[in-house]
Amino acid sequence: MSIQLRLDQSKIDAARAAAQAIAQDIQSFVDRHTTVAIERAVLRLLGVDGVSIEQIPLPNIVVDTVARAGRLNRGVSFFLANAMLETGLSAQAVAEAVAAGELDLVQLPQHPPAVVQAKLDRLAQVALDRICTKRREREEMLRQYPSGEQPWLYVIVATGNIYEDVVQAKAAARAGADIIAVIRTTGQSLLDYVPYGITTEGFGGTYATQANFALMRQGLDEVSVELGRYIRLVNYCSGLCMPEIAAMGAIERLDMMLNDALYGILFRDINMQRTLIDQFFSRLINAYAGIIINTGEDNYLTTADALEAAHTVLASQFINEQLGLLAGLSHEQLGLGHAFEIDPAVEDSFLWELAQAAMARQIFPQAPLKYMPPTKHMTGDIFQGYLLNGMFNLAGVITGQGIQLLGMLTEAIHTPFLQDRFLALQNARYVMRAARHLGEEISIKPGGRIEQRADQVLSHALALLTRIADIGLMTALEQGLFADIKRSRVGGKGLEGVVQKAPDYYNPFLAPMQQTLATAAGGER
Amino acid sequence: MSIQLRLDQSKIDAARAAAQAIAQDIQSFVDRHTTVAIERAVLRLLGVDGVSIEQIPLPNIVVDTVARAGRLNRGVSFFLANAMLETGLSAQAVAEAVAAGELDLVQLPQHPPAVVQAKLDRLAQVALDRICTKRREREEMLRQYPSGEQPWLYVIVATGNIYEDVVQAKAAARAGADIIAVIRTTGQSLLDYVPYGITTEGFGGTYATQANFALMRQGLDEVSVELGRYIRLVNYCSGLCMPEIAAMGAIERLDMMLNDALYGILFRDINMQRTLIDQFFSRLINAYAGIIINTGEDNYLTTADALEAAHTVLASQFINEQLGLLAGLSHEQLGLGHAFEIDPAVEDSFLWELAQAAMARQIFPQAPLKYMPPTKHMTGDIFQGYLLNGMFNLAGVITGQGIQLLGMLTEAIHTPFLQDRFLALQNARYVMRAARHLGEEISIKPGGRIEQRADQVLSHALALLTRIADIGLMTALEQGLFADIKRSRVGGKGLEGVVQKAPDYYNPFLAPMQQTLATAAGGER
Amino acid sequence: MQSDLTQVRPYGDTLGDGAMQLSFTLPVPIGPEAIEAGKQLLEKMGFQAVSVVHVADMGEGFTFFVAYAKCPISIDFTAIQVPQAATAFLDFDATNEFIRQHIGRRLVVVGACIGSDAHTVGLDAIMNMKGYAGEPGLERYPMLEVHNLGSQVQSEELVAKARELEADVILVSQVVTQKDVHILNLTQLVEILEAEGLREKVLLICGGPRISHELALELGYDAGFGAGTLPPQVASFIAQEFSQRNK
Amino acid sequence: MQSDLTQVRPYGDTLGDGAMQLSFTLPVPIGPEAIEAGKQLLEKMGFQAVSVVHVADMGEGFTFFVAYAKCPISIDFTAIQVPQAATAFLDFDATNEFIRQHIGRRLVVVGACIGSDAHTVGLDAIMNMKGYAGEPGLERYPMLEVHNLGSQVQSEELVAKARELEADVILVSQVVTQKDVHILNLTQLVEILEAEGLREKVLLICGGPRISHELALELGYDAGFGAGTLPPQVASFIAQEFSQRNK
Ligand code: B12
Ligand code: B12
Ligand SMILES: Cc1ncc(COP(=O)(O)O)c(C=O)c1O
Ligand SMILES: Cc1ncc(COP(=O)(O)O)c(C=O)c1O
């Protein structure tokens, strides 16, 4: 149990209602569109993988030919299945033939739509079964090697070299990490394709490729068995390839994925229409694969002030909750982001951090909140940084966070050294052990500074959500209401990849995934 | 305001009553004795200073000649004043003559006792006035350059070289220190004399000499004026020269002195009779000079376990409180010691630390408690050490301690480097700022883990005090009830310096100091 | 106790003691041999009185070390020369006045984070209206016409835009430095500018937490600004240096 | 990624990168010159890619530095030899049995903290009944007759006591090491023992957090035990080494 605040439930309800309206508005736009990335993800799920001799991924080649013919609005899978029927080849072989210029998907004779769709549905079922197998594998691992107490300790590896990453990840697991995230190289989220194969070079991170995912999963499984504690693997969906990476993550049994269109819009200047559409399908896949998503609200506080902009984090969490639910995610899969980013020079900063963290915890009681460490106010003073991270860990355990992303004492200097990560784990283990039951043993003064602060943030969030419900999320982003950053509806990267669905559009995964998830959610109730 | 526990007042009252009985028993023993150190202190107060050509301090030479003649039981000052009357020389000149072998104090013709005592009382008044002037000087400094909020930040310097110490002390003041303590060289407390003059060499500390006191006081006054914040100076009374060093501290305007016979007995193997007698007069001087004493209970937890022996700390604080009051110290002068020494590997260690610190705070509400940092569980891992010190600082500010002795990240390695001290101050300033009002904003769950722990410690302390009241403090020390250390009543260093007072014993400072302090205490009520 | 500035040595608690703290990792399993290896490594680097005060097993055959040692060498502080943007500091009003008097027109400033760097906070701090640490940003200067292209701008794109806007000054920010990617990006930009014959026409300035003026000069820039830079320092430099070069 | 143990280098996040963290103080006022001085000092020590990542003004003209740098050298881990008390480890029962069989009488062990050192916790951990970390102390060994003289024992006093008790083994603890006071004390003890003709008659062992076996041998001791020593290690050494020497 963690510390409790008295919050005004009516404000929470009103905020949630406003967020629901905002999300539904977005969803109706999303439902009318597909994107190149969604179609590539469909191909990947159907078994298309690999690259051409020019190193271009086959899903890109296939989608691009259909797009060039102006028929992406029918869904690429229709053409793939049609070609499979026509040629008797596997999905992969069809794609290879397309890449070799031996096959023109759109020009092939078309089988009756019902026949093609039936073929597609069968193909999709194979893919879905494959994902279910992975999901059950995870459940089995977790049964045999249960996770430790929350907050789970989450650390990153980011060397650029996957082999080096695996060694470091295993060392981290031994030192107490529960979750390992492999950070991507700086440029990757702007690539409109997913790199292929095992990679050993990157800047500030390692390429997210399916082969890298598999290698890391294998390493972590080994160490999980050894330690008797399942170590979760994380990678990133955000960017121009959200749905494709979600598909790869589902296949390689990732456990968590950073998945947030708003992050891409604000921090990577990705076009908002594109990425909101992508986000829906990627989250659907995550949901189906039993993957916990992590949202990126924490980042707002790196460009905006953590005290002034605290309410934007909360407002965005409400929106992400509703968008996530619409994509079939359960509450337990919503790793909403927030952060410990108040300037340590501020008096009572720790009180304000507690207020915000406890508030988020209570407003989203089932969500495994992802609590981010200080980054902005970290300096080259590694000693002070280590301490700041300790106070963050204390806030995490007192307020009962789900996922504690550990701060590195060298945050202001370099991506983590092996020893930085080791020290971070030692820090968290000590603080959380020393204050394990502190949250249970203290109560917050009613109406005092902490409660007042939480109420203030909640009230501001409600006001902001009411305003956004009025103008719509896209306009809100144009007005710079989040993270002090303005983005245009038609600016940024990737708009050219958005396609309005034709009436005959078909995606064989949408219906079965949504149905299964709806049934599961129904069953839960 | 700090966190509050519900403590059983009847247990507190009973413990205090037992401690009072223990203290009175000791006091009746103390009142019947004097020591070579007390007599040397009297000489110092009367103006005897300097060393012989063999570098032997004149107070030692004078006392030793009287002792050799078997007449220390009359009090050395009688012989001094008699000699002054007889020779017309100053106190210093008499001492010099004794040292030169030109004067035999005991063999001199004796003036009528009443005449000698009148002379002595006049001499004593000069000394008392001198101390009062210093006390008023301090009050004036504090008026002009007020101290910051409590907990006051207390750091040590210990280079062995007083010049180096002064530079480091000034740097520390600039970095936020409120209090500077100059640690003594390892061997000093076992010397039965006080070294003389400015010193530049020591092991693990710097010699406590009057010249060194003066040099440091001057440096701190300079920086106090510059910063507009009075910086307090601390040195050590404990050891074989308790009263002499108290006298030097009074003259050089020290502000705090570590003064604890129990520390000397347990940790320096000083004879208990000797040091308990010395303690009384040294505390009387401290009290008169407006000096805050620091007691040494924190040290118990370096040899005994901090969880198991927590009640011995509390019991000893009760005893020290009563002994202190008997020596004329006000509650505001009782810097009772305790410490943050629980093994950080223990689950909920921070809860137990809070319990103990809050308990001490509430039981001794007016005392400027001296809260000591982790030392025993500090290792060469300076990063983890820095964090542990941060948690200690948090406990300090939440529980409203008076004097926070800052931990050094290099505690397990060396006496503090300049940068270690700087980092320690930065640590404390951040934590105390960030959680400045946290103590006001949280309450402790009634009957929860924390309160239960505090009650347990209090109950054990009461039981221990009841037992000690029965057997007497000296027997308790013989049985090893404190710090897991046994000391014999006739063992240890310095017993030969104890002298039973003769009926004609006279010490010109006892009565006027006690009267003034009693009046002041009366006025306060 | 008086420091001799021609022979400066690290200071622990005594002048001249040379004390230093180190921490590092060795890819060897923990044990007495590891401790000895750590010690010998530091001795081989020339340290004296090496004391390994802490080792920890980090798993996978890696050992963490904390050590203290004495540095036996000293440096001559009086001989230290730091290359610094060598213009006097002018405040907001003085800078605008200077441009008005000495240049007589608004200077066009174009800025971007190049490569895949998306860290705009630093560049924004310098360029945007809002400014930094209470100091107004370049956009607020009436005598500067400011275009902030934002993040992840390819060098080619930046150069094209600079040509289009007839930029007088180009500002680039580089925050990500892993594997020296900033050196790569900054060098590439200079090459493109030179290839396009633009290098001599613009004042070229870079900045970021790991950028020093010295490094910037080495890479062919006119100035470099590091951590904690304030906008007026940049504006003041731009005004004077531009006027100087175009005399 | 496979470590070459003949060429071991510090490891940051990539094999062979040589990364090290340093912190230190220079007695120079903060400023660009100080930063440069810190950098040059490390370069002069042979470090490469020196990055001063933090400086702070500590007052009185002192500056605090945090730096990262690359260590360009490596060491041959396979060649590392650590002098260690070279006896097999025997447990409690085996040690007693060994003494019974090979020596046939109780060994007299006398211990003290010498000089002005009052840190008894370490010596007590080894000698007292209670022991350390769950391991019984020497007093619990039936085949050892143990005399713990406690703290602040002058060397002369210890030697006199050893003679009086006909000690077979002398244990000394030294915890305070500032200004190398432990070296002074330990050396003095050996000299007195030699002067008194006792040195060859006893097994002489020292211990403390900064004591290594190597240092002990250098100072003329038969063994030295450092941080984290457990009592059975000492007992086991005493039994075997004593029997060895008295064959
Ligand atoms: C905020 C932040 C982010 C934000 C950026 C938001 C934004 N719109 O800028 C977000 C969350 C998006 C982010 C993402 C990433 N980040 Co980041 N981030 C930071 C952080 C916490 C603070 C940087 C900052 O804003 N500083 C404040 C500004 C004011 O300071 P400044 O940049 O130094 O600027 C000053 C001066 O340098 C100078 N200046 C700077 N530019 C210029 C230009 C000119 C012309 C002039 C004159 C002066 C000048 O003036 C400024 C004012 O004084 C740092 C860690 C830290 N505490 O420093 C990591 C850090 C910079 N990030 C890092 C990394 C690796 C990333 C990622 C690549 C991680 C990943 N793989 O996912 C991503 C991707 C971003 C990308 N492609 O570039 C690393 C870089 C490591 C390295 N040295 O290479 C750091 C150091 C963290 C770490 N230890 O891993 N990040
Ligand atoms: C407890 C303690 C004290 C207690 C001692 C109580 C007591 N009766 O022992 C008290 C409070 C009295 C004390 C006082 C002082 N202390 Co002290 N103290 C410590 C502390 C916190 C822990 C030491 C300890 O008990 N360690 C636990 C034991 C089990 O470990 P150990 O000693 O290493 O012993 C193990 C091994 O080394 C080995 N071993 C040790 N001896 C022997 C002997 C033999 C024969 C063998 C085989 C093995 C062996 O086996 C043991 C078990 O594994 C350290 C800081 C720290 N965290 O280390 C400072 C520390 C040792 N103290 C220090 C100082 C300076 C002092 C004072 C001089 C300060 C002052 N000027 O007032 C005083 C005076 C004491 C004196 N004259 O010696 C310094 C020493 C600095 C240095 N390197 O020179 C330290 C490092 C703190 C600091 N950073 O300033 N201290
Ligand atoms: C939600 C989210 N997605 C993605 C990322 C990673 O950035 P990129 O997409 O540039 O790899 C982050 C970084 O913190 C994030 O918070
Ligand atoms: C009460 C007290 N007196 C004195 C000292 C200092 O020791 P020494 O008297 O050996 O100088 C301490 C050390 O912590 C102490 O707590």
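Order of the sequence lines sets the chain letters (A, B, ...), proteins ahead of strands, with each chain counted from 1. The basis for the numbers below is simple: all heavy atoms, side chains too, and nothing from hydrogens, waters or symmetry mates.
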Worksheet item: Which value, rounded to the nearest 0.5 Å, describes the distance between D:K39 atom NZ and C:I75 atom CD1?
Response: 11.5 Å
Discussion item. Tell me the closest heavy-atom pair linking C:P27 and D:L5, and the distance in Å.
Written reply: O-CD2, 4.0 Å
Worksheet item: In terms of heavy-atom proximity below 4.5 Å to chain D, should C:F65 be classed as side chain, backbone, both, or neither?
Response: neither
Response to the item:
Under 4.5 Å to a heavy atom of chain D? For C:A37 that would be both
Worksheet item: Do any N or O atoms from the side chain of D:K44 and from the backbone of C:S74 form a donor-acceptor pair under 3.5 angstrom?
Response: yes
Worksheet entry | C:Q178 versus chain D, the contacting section by heavy-atom distance below 4.5 Å | side chain
Fill in: Approximate separation, where rounding is to 0.5 Å, of D:I80 CD1 and C:E36 CD
5.5 Å
Fill in: Selection from D:S23, D:G31, D:S212 maximising heavy-atom pairs under 4.5 Å formed with chain C
D:S23
Response to the item:
Applying a strict 4.5 Å limit to non-hydrogen atoms, the region of C:R9 in contact with chain D is backbone
Worksheet item: Which pair of heavy atoms, one from C:V8 and one from D:L41, lies closest together, and at what distance?
Response: O-CD1, 4.4 Å
Discussion item. As an exercise, state the distance from CD of D:Q81 to CD of C:Q40, rounded to the nearest 0.5 Å.
Written reply: 10.0 Å
Practice prompt. For D:A19 and C:F24, work out which heavy atoms get closest and say how close.
Written response: O-CB, 4.1 Å
Worksheet item: Quick one: do the D:Q21 and C:Q21 side chains pair a donor with an acceptor below 3.5 Å?
Response: yes
Worksheet item: Among D:I73, D:D13, D:D76, which has the most heavy-atom pairs under 4.5 Å with chain C?
Response: D:I73
Worksheet item: Below 4.5 Å, heavy atoms only, C-beta onward: do C:P72 and D:M45 meet side chain to side chain?
Response: yes
